[in-house]
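Quick notes on the structure that follows.
All figures in this text were calculated on a predicted structure; none of them were measured in a lab. Letters A, B, ... are given to chains in the order of the sequence lines, protein chains preceding strands, and every chain is numbered from 1.
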Amino acid sequence: MATLLLIDGSSYLYRAFHAIRELSAPDGTPSNALFGFVNMLKKLRQQTHADYIACVFDAKGKTFRDDIYPQYKAQRPPMPDELRVQIAPIHQAVAAFGIPILMIEGVEADDVIGTLARQASAQGITTIMSTGDKDMSQLVDDYARIENSMTEEVLDRDGVFAKFNVWPEQIVDYLALIGDTVDNVPGVPKCGPKTAAKWLAEFGSLDNIIANADAIKGVVGQNLRDTLQWLPTAKELVTIKCDVDLSSELPNGFDDLKYQTEDSATLLQLFTRFNFRTWVREMEGKVGQAAKPETPKGITSDLFGDEPNEAIPAEVSSIPAAPVERHYECINTSELLAKWIDKISAASMTAFDTETDSLDQMQARLVGMSFSVQAGEAAYLPLAHHGADTPEQLPFDDTLAQLKPWLESADHKKVGQNLKYDQHVLANLGINLAGIADDTLLMSYVLASHEKHNMDDQAARELGETTIKYEDICGKGAKQIGFAEVDLDTATAYAAEDADITGRLAHTLLPRLQANAGLHYVYRDIEMPSRQVLYVMERNGILVDANKLNRQSHDIGLRLIELEQQAYELAGQPFNLGSPKQLGEIFFDKLKLPVIKKTPKGAPSTDEEVLSELAKDYPLPKVLLEHRSLSKLKSTYTDKLPLMINAATGRVHTSFNQTVAVTGRLSSSDPNLQNIPVRTPEGRKIREAFIAPAGCKIVSADYSQIELRIMAHLSGDAALIRAFEQGLDIHKATAAEVFGVSLDEVTSEQRRYAKSINFGLIYGMSAFGLAAQLEITREAAKTFIERYFNRFPGVAEYMEVTRAAARDAGYVETVFGRRLWLPAIKSSNGAQRAGAERAAINAPMQGTAADLIKLAMVAVNHWLIAEKLSSRLLLQVHDELILEVPEAELDLVKAKLPEIMASVATLKVPLLAEVGVGENWEEAH
DNA sequence: CTGCTAGCATA
DNA sequence: GTATGCTAGCAGA
């Protein structure tokens with residue numbers, strides 16, 4: 001049976017406008033109604049498969065109802081300007097989606113819908129009226145029903161009766177009796193839905209009620225008798241006209257209401273103008289496919305030319321190309337140097353690499369550089385080799401000066417493998433590397449975050465080439481020599497190969513990224529821009545008060561000695577408190593304490609959980625717990641951090657690794673500044689040592705409940721979305737739902753339970769895990785989870801859908817299209833598979849959060865530069881950004897920073913960032 | 001000197 | 001129950 005879908009455009013216009021908070025295009029044009037409307041259209045298109053479709057709007061001007069009753073809708077305020085300006089783009093969007101638009105002068109949208117619905121019913125066509133307008137209930141019959149796509153309410157004949165206690169054919173009478181304040185149609189005073197339904201149940205119809213008006217008692221009965229003259233007019237006003245002449249609009253009848261071809265180009269244009277990023281990405285994929293017909297793979301002389309030869313789907317792993325003939329040379333004369341400067345100046349893209357004497361990017365000194373502009377052809381320029389044969393090497397300073405313009409030119413595009421490192425190395429020499437167009441490390445990471453991304457592995461995987469390993473030429477371990485000690489022939493073979501392979505990798509990987517709009521967006525608009533911000537943050541470094549940490553080390557040291565003495569007495573012998581093995585022997589062999597759990601290798605565990613449990617009954621574990629936590633703080637933080645201060649800058653410069661975390665998160669190392677303590681008072685003292693220089697403050701801004709908000713967005717769960725929209729304490733709100741109490745009745749115990757389940761959900765929880773966390777039985781945890789899923793069915797469904805999608809595709813995606821691969825999801829090992837399923841649940845949330853804060857970092861950095869501010873980004877800790885801000889800029893940054901963070905994307909729930917200020921990180925947090 | 005384990009710091 | 005990085009201890013070079 002054929003189906004007709006009629007969208008009540010006028011009703012959704014207002015609903016979308018009021019349902020969504022402020023939202024506007026970059027130029028300030030409001031876009032909330034457009035966003036809501038398009039969202040609704042997409043949802044409808046996905047959910048409802050109709051043969052015929054129309055979106056109906058009110059036309060301008062008066063209607064026949066104004067002639068009947070001049071006060072009709074007289075009290076309705078004019079359409080707000082903010083909505084009015086969105087009408088044209090909304091019509092444009094509807095049309096571009098391929099949905100026919102109907103606007104008939106002299107009648108309202110309802111009348112057009114009524115007419116079409118009646119015509120459809122007569123032909124046996126099912127009609128779905130998508131509207132939120134209760135008046136339309138009068139149109140429901142055996143063929144026509146209402147589906148409200150916002151509330152997902154469905155009203156068929158029985159549904160109408162269930163809702164209003166009258167049948168659809170009585171709705172007109174019912175509306176006439178109760179009137180419509182919005183449209184300024186009076187009814188019978190004091191007659192509401194209850195009374196109207198009661199009368200209609202008793203007398204069947206308005207006519208019959210009028211006929212029996214004298215029999216109705218009370219004030220309402222008198223009111224009825226007073227309005228008898230009016231009621232027929234009221235009925236006429238609320239009756240939807242079902243005989244509108246549509247012959248000139250639809251000469252071919254329903255055939256004129258078929259879906260048209262989607263106009264992706266217009267949609268892309270529209271979404272770009274209003275900055276609907278997710279949809280832009282979606283459309284870019286479609287437009288790209290349509291605009292780029294497949295071309296045969298050709299041979300180009302310029303291998304790094306701008307246009308990819310062929311769009312290879314990202315899913316298809318590349319087939320290693322045929323061996324490339326290599327020609328590498330060593331630049332050791334001014335003629336060769338001139339030749340290569342010409343080459344790289346003319347090239348549209350140069351693969352570039354540096355060789356240095358250290359892995360520490362802030363300390364590393366340049367030893368040489370290599371270049372390649374064509375597959376198989378590359379050159380190595382040695383600059384600081386020394387050793388037995390320090391031969392034909394061009395002079396360091398002079399050669400670098402010749403290359404500096406090219407290195408610092410944004411017009412000369414470079415591609416490299418981890419150019420952030422090379423950028424540091426050159427910055428150490430006062431050279432500001434520019435024109436960084438591509439990075440094969442990031443390409444590999446975006447295409448396949450679960451693979452290895454080092455150049456040797458990439459070369460083998462993507463090109464089928466075996467490369468010279470660093471260790472092959474420099475040795476390893478203590479006997480390793482610096483690259484400057486390597487002879488020039490060997491160095492050339494190695495370094496030129498690096499540039500050559502990098503260029504060829506870029507040429508292979510870029511088309512695969514471009515073939516997928518989502519991945520390309522993640523690479524081009526998230527990873528490449530945040531690469532630059534990370535460089536800036538690493539370069540900035542953070543000021544650390546070494547004296548303060550040293551004093552803390554000293555104090556902790558004294559306390560540790562006390563604790564050791566106590567432990568020796570309690571144990572009856574001295575032993576190494578830091579050795580789990582010795583500790584185990586004392587605990588379980590000598591003192592015969594009970595074994596609570598075992599390590600994976602089978603030894604009795606002595607971790608914090610076990611110690612806490614044992615501490616309830618024995619004194620020694622308590623001493624151990626304090627010793628453990630203090631020695632961790634001392635060895636990892638208070639002892640180490642002062643040693644990490646860079647002598648030249650006086651600051652600590654971490655390395656942000658952009659390509660290790662499979663979820664898209666960053667990691668920090670040397671030192672890791674993403675795990676500075678915060679939970680315990682002793683730990684927080686370490687944060688106090690991260691300080692702002694004189695005249696500055698530390699400003700910290702963190703996203704509030706970012707992963708739960710993303711869960712609300714991804715699952716679309718109405719209750720969860722509502723809780724965030726209302727700005728509630730989310731754990732409390734969860735508790736209220738799950739325990740069925742009001743918000744102010746939630747006990748702290750209930751809130752704690754809810755908090756655990758919220759975190760558990762983010763981690764792909766099982767009943768077992770939750771039980772352990774809450775120290776309750778597994779059965780109790782299970783019923784608790786069931787109650788949660790009952791209250792938040794959208795979340796339950798999302799979990800299942802995600803698991804299934806991961807099993808199907810082998811990966812899951814973030815909101816921005818980042819792919820998170822889960823090779824273990826198809827493992828025959830049950831435990832591994834279960835682990836991968838938990839990761840599949842967690843990854844979209846953790847990964848989307850990572851995408852968001854990367855976008856925020858880029859936006860904040862961009863703002864700081866555009867406004868020429870001196871404030872500096874220093875650190876990122878997954879959901880937190882830390883800046884150093886001069887006092888003069890404090891108010892501005894305090895206001896703008898959280899605003900930027902909250903507005904990098906528009907999700908189904910608002911984003912919130914909270915800002916703090918202090919002399920040090922602890923105060924600011 | 002290198003690689004592994006247990007344990008623990010963060011989001 | 002997700003994702004990381006670092007330390008000390010220890011075993012086998």
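Side-chain N/O atoms of Thr636(A) include none lying less than 4.0 angstrom from OP1 or OP2 on dC6(C). Contact annotation: Arg679(A) side-chain N/O to dA9(B) OP1/OP2 distance is not under 4.0 Å.
One atom, CD1 of Ile686(A), and another, C1' of dA9(B), lie 9 Å apart when rounded to the nearest Å. What separates CG of Leu611(A) from P of dA6(B) is a distance of 16 Å, to the nearest Å. If you measure from atom CZ of Phe759(A) to atom C1' of dG1(C), you get 12 Å, rounded to the nearest angstrom. A straight line from CG of Leu583(A) to P of dA8(C) spans 17 Å, rounded to a whole angstrom. Here the C1' atom of nucleotide dT2(C) and the CD atom of Gln773(A) are 13 Å apart, to the nearest Å. Following rounding to the nearest Å, Tyr637(A) (OH) and dC6(C) (C1') show an atom-to-atom distance of 8 Å. Between Lys632(A) atom NZ and dA6(B) atom C1' the separation is 11 Å, expressed in whole Å. Between Glu707(A) atom CD and dA3(C) atom C1' the separation is 9 Å, expressed in whole Å.
Backbone-only contact: Asn672(A) has heavy atoms under 4.0 Å from sugar-phosphate atoms and none from a base. Among the protein residues, Thr606(A) comes within range of the sugar-phosphate backbone only, with heavy atoms under 4.0 Å from sugar or phosphate atoms but none that close to a base. Residue-level contact check: Leu770(A) touches the bases, meaning some heavy atom is under 4.0 Å from a base atom.
Checked by atom type, the side-chain pair His653(A)/Gln361(A) shows no donor-acceptor distance below 3.5 Å. Using a 3.5 Å distance cut-off with no hydrogens or angles, the side chains of Thr848(A) and Arg709(A) do not pair a donor with an acceptor.
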Please list, pair by pair, any protein nitrogen or oxygen found under 3.5 Å from a nitrogen or oxygen in nucleotides 9-13 of chain C.
{"residue": "dG9(C)", "atom": "OP1", "partner": "Asn576(A)", "partner atom": "OD1", "Å": "3.2"}
{"residue": "dG9(C)", "atom": "OP1", "partner": "Asn576(A)", "partner atom": "ND2", "Å": "2.8"}
{"residue": "dG9(C)", "atom": "O3'", "partner": "Ser579(A)", "partner atom": "OG", "Å": "3.2"}
{"residue": "dC10(C)", "atom": "OP1", "partner": "Ser579(A)", "partner atom": "OG", "Å": "2.4"}

Kindly give the atom pairs (protein nitrogen or oxygen, nucleotide nitrogen or oxygen) under 3.5 Å for nucleotides 1-5 of chain B.
none

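Gln480(A) CD: more than 12 foreign heavy atoms inside a 6.0 Å radius. Enclosure of atom NZ in Lys908(A) by more than 12 non-hydrogen atoms of other residues, nucleotides or ligands within 6.0 angstrom is indicated.
Within a heavy-atom distance below 4.0 Å of DNA chain C, the residues of residues 822-845 of chain A found are Arg838(A), Ala839(A), Asn842(A). Residues from residues 622-629 of chain A with heavy atoms under 4.0 angstrom of DNA chain B, sorted by number: Arg628(A), Ser629(A). Near DNA chain C, meaning a heavy atom under 4.0 Å from it, residues 660-671 of chain A has Val660(A), Ala661(A), Val662(A), Thr663(A), Arg665(A), Ser667(A), Ser668(A), Ser669(A), Asp670(A) in order of number.
Distance from the side chain of Arg687(A) is smallest to dA11(B) among dG1(C), dA11(B), dA9(B). Taking the side chain of Glu608(A) as heavy atoms from C-beta on, and the options dA11(B), dG1(C), dC8(B), the nearest nucleotide is dC8(B). Of the candidates dG1(C), dA9(B), dA8(C), dG1(C) carries the atom nearest the Ser766(A) side chain, counting heavy atoms from C-beta on.
You'll find a donor-acceptor pair under 3.5 Å spanning the side chain of Gln846(A) and the base of dT2(C), going by distance alone.
Test Val801(A), Val795(A), Thr802(A) against Met799(A) for side-chain contact (heavy atoms from CB on, under 4.5 Å) and you get one pass: Val795(A). For the salt bridge (charged side-chain N to carboxylate O under 4.0 Å, His left out) with Glu538(A), the qualifying choice from Arg651(A), Arg531(A), Arg872(A), Lys420(A) is Lys420(A), the only one to do so.
With respect to Lys632(A) and Glu608(A), no salt bridge is recorded, no charged nitrogen being found less than 4.0 Å from a carboxylate O. Glu688(A) and Lys685(A) are not joined by a salt bridge, as no carboxylate oxygen comes within less than 4.0 angstrom of a charged side-chain nitrogen.
Counting only residues at least two apart or on different chains, no salt bridge (charged side-chain N to carboxylate O under 4.0 Å, His left out) pair has a member in residues 472-482 of chain A. Listed by first and then second residue, the side-chain hydrogen bond (donor to acceptor under 3.5 Å, both in side chains) pairs involving residues 757-774 of chain A are His731(A)-Asn758(A), Thr734(A)-Asn758(A) (not counting sequence neighbours). Within the structure, the ring-ring contact (aromatic ring centres under 6.0 Å, His included) test picks out the following pairs touching residues 785-807 of chain A (sequence neighbours left out): Tyr788(A)-Phe792(A). Under the ring-ring contact (aromatic ring centres under 6.0 Å, His included) criterion, the residue pairs touching residues 766-787 of chain A are Phe739(A)-Phe784(A), Tyr753(A)-Phe784(A), with sequence neighbours excluded.
Shown here are the side-chain hydrogen bond (donor to acceptor under 3.5 Å, both in side chains) partners of Asn646(A), two or more places apart in sequence or in another chain: there are none. Scanning for ring-ring contact (aromatic ring centres under 6.0 Å, His included) contacts around His878(A) gives an empty result, with sequence neighbours left out. Residues that satisfy the ring-ring contact (aromatic ring centres under 6.0 Å, His included) test with Phe690(A), not counting sequence neighbours, are Trp921(A).
Proximity of a side-chain donor or acceptor of Ser449(A) to a complementary backbone N or O of Val446(A) within less than 3.5 Å is not detected.
Taken to the nearest 0.5 Å, the OG atom of Ser668(A) stands 7.5 Å off from the CG atom of Leu875(A).
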